[in-house]
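In the text below, chain A, chain B and the rest are named by the order of the sequence lines, each starting its count at 1. Heavy atoms only: backbone and side chains are in, while hydrogens, waters and symmetry mates are out. All values reported here derive from a predicted model rather than from experimental measurement.
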Number of protein chains: 2
Amino acid sequence: MVRGKTPIGKIENYDYRLTTFSKRRTGLFKKAYEISILCDVDVALIVFSHSGNLWHFSGHKRIEDVLTKFLSCPDTQVAKSVSLSKKESLVDLLQNVKHQDDSAEGALRKQQNPNENSSVAVEDIDFQLARCQSRLNYLKGFRRKLQHLHRDL
Amino acid sequence: MVRGKTPIGKIENYDYRLTTFSKRRTGLFKKAYEISILCDVDVALIVFSHSGNLWHFSGHKRIEDVLTKFLSCPDTQVAKSVSLSKKESLVDLLQNVKHQDDSAEGALRKQQNPNENSSVAVEDIDFQLARCQSRLNYLKGFRRKLQHLHRDL
DNA sequence: CCGCCTATGTATAAATG
DNA sequence: TCATTTATACATAGGCG
């Protein structure tokens with residue numbers, strides 16, 4: 001994101017990808033550490049590189065305790081964590097994106113480099129998509145477990 | 001870290017702490033998302049606030065799969081950080097439905113009509129799933145539109 | 001891989017609406 | 001609470017050793 005922002009998407013060049021991974025991993029773990037201290041919250045962070053290397057972090061508690069807490073999380077909490085915050089609600093997103101859309105469209109006619117506005121919006125959507133997909137995957141797993149439980153009882 | 005850098009340490013003022021948590025959480029999840037895409041790596045991130053709220057994210061794979069990989073990792077780092085018995089119990093949590101859904105099971109036994117309760121729980125999840133899937137579809141559609149706009153201009 | 005450097009994009013503390 | 005603004009601190013791409 002420096003000297004020409006990095007577009008979101010897999011970095012194809014292997015060496016660049018490794019370098020970026022190393023740098024961003026450092027930054028990510030630092031942020032995880034900071035929020036755990038500053039805000040006094042439990043964090044568990046696990047990263048696997050393609051080569052199979054593993055990095056992990058947890059603040060305050062041992063990572064297994066955080067994972068246990070996560071895995072034992074009652075469904076009400078699951079539901080909570082999944083419910084959309086106002087900020088993420090469709091309506092807000094729609095308005096937000098439409099606004100960006102409009103301004104992008106308007107700007108396009110005045111500017112030589114219209115693509116930037118539009119691509120920023122696409123990246124935002126990609127971020128929302130990834131989070132949504134993550135929740136969906138989690139919910140699907142949870143649903144499977146519930147059904148297994150139901151069968152067993 | 002702006003207008004007078006934040007010293008590392010728990011932010012004592014409750015309101016500031018919440019505000020900082022909200023902002024940094026957004027940033028942290030964004031970073032986790034970015035590194036998972038840019039560097040094509042598996043990431044699992046779990047955060048619990050003191051009030052018990054849960055946020056989690058994983059890229060590419062389901063978070064359970066990343067956790068399973070973590071717990072089955074022969075890596076010495078994991079072996080060191082997680083004692084064997086603890087590790088086994090976590091694997092049980094992941095693989096055994098009954099252990100994983102203690103809360104649901106407990107609730108069922110307290111009720112006179114367990115089946116109904118269970119089906120309600122599944123319906124709850126279905127509801128969440130439907131919302132999430134709907135949002136996902138919407139986002140995907142929106143992304144397509146944006147890209148068309150992008151192409152057309 | 002590990003640092004260091006610099007220019008620049010990003011994150012965010014604090015204030016304000 | 002929630003969004004915006006603004007000023008600054010921080011993160012990091014690209015380059016070099």
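Residue A/R24 places its side chain closer to D/dT12 than to any other of C/dC1, D/dG15, D/dT12. Of the listed nucleotides (C/dA11, C/dA15, C/dC2), C/dC2 has the atom at the smallest distance from the side chain of A/S22.
In this structure the side chain of A/I63 never reaches within 4.5 angstrom of the side chain of A/L45, judged on heavy atoms. Residues A/L136 and B/L129 meet the side-chain proximity criterion, which asks for heavy atoms closer than 4.5 Å.
In this structure, the CG atom of B/N53 is 10 Å from the P atom of D/dT1, given to the nearest Å. Whole-Å rounding puts the A/F21 CZ to D/dT12 P distance at 13 Å. Atom CG in B/L28 sits about 17 Å away from atom P in D/dC10, given to the nearest Å. If you take NZ of B/K23 and P of D/dT6, they are 14 Å apart, rounded to a whole angstrom. In this structure, A/F29 atom CZ and D/dT12 atom C1' are separated by 17 Å, rounded to whole Å. Counting to the nearest Å, the P atom of C/dA11 and the CD1 atom of B/I35 are 14 Å from each other. A/I11 places its CD1 atom 12 Å from the P atom of D/dT12, with the value rounded to the nearest Å. Going from atom NZ of A/K30 over to atom C1' of C/dA11 covers 12 Å, rounded to whole Å.
A/T19 contributes a side-chain N or O that, together with a main-chain N or O of A/D15, makes up a donor-acceptor pair within less than 3.5 Å.
Defining each end axis of the helix from C/dC2-D/dG17 to C/dG17-D/dC2 as the rotation carrying four pairs' C1' atoms onto the next four, with five pairs an end, the two axes are found to diverge by 40° to 10 degrees.
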Under the criterion salt bridge (Lys or Arg N to Asp or Glu O under 4.0 Å), I'd like the reasoning laid out for B/R17 against A/D40: C-alpha separation, chi angles, the key distance, then a yes or no.
CA-CA 9 Å; B/R17 193 164 70 247; A/D40 194 28; 5.6 Å; no

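Residue A/K31 has no polar side-chain atom (N or O) positioned under 4.0 Å from OP1 or OP2 of C/dA11.
Every residue meeting the ring pair (Phe, Tyr, Trp, His ring centres under 6.0 Å) condition with A/F127, not counting sequence neighbours, appears here in chain and number order: B/Y33.
Each of B/R24, B/K31, B/R25 was scored for a salt bridge (Lys or Arg N to Asp or Glu O under 4.0 Å) with A/E34, with one residue passing: B/R24.
Within 4.0 Å (heavy atoms only), A/T19 reaches no atom of the nucleic acid at all.
Under the 4.5 Å side-chain heavy-atom criterion for ILVMFWY residues, no single connected hydrophobic cluster contains both B/L18 and B/I11.
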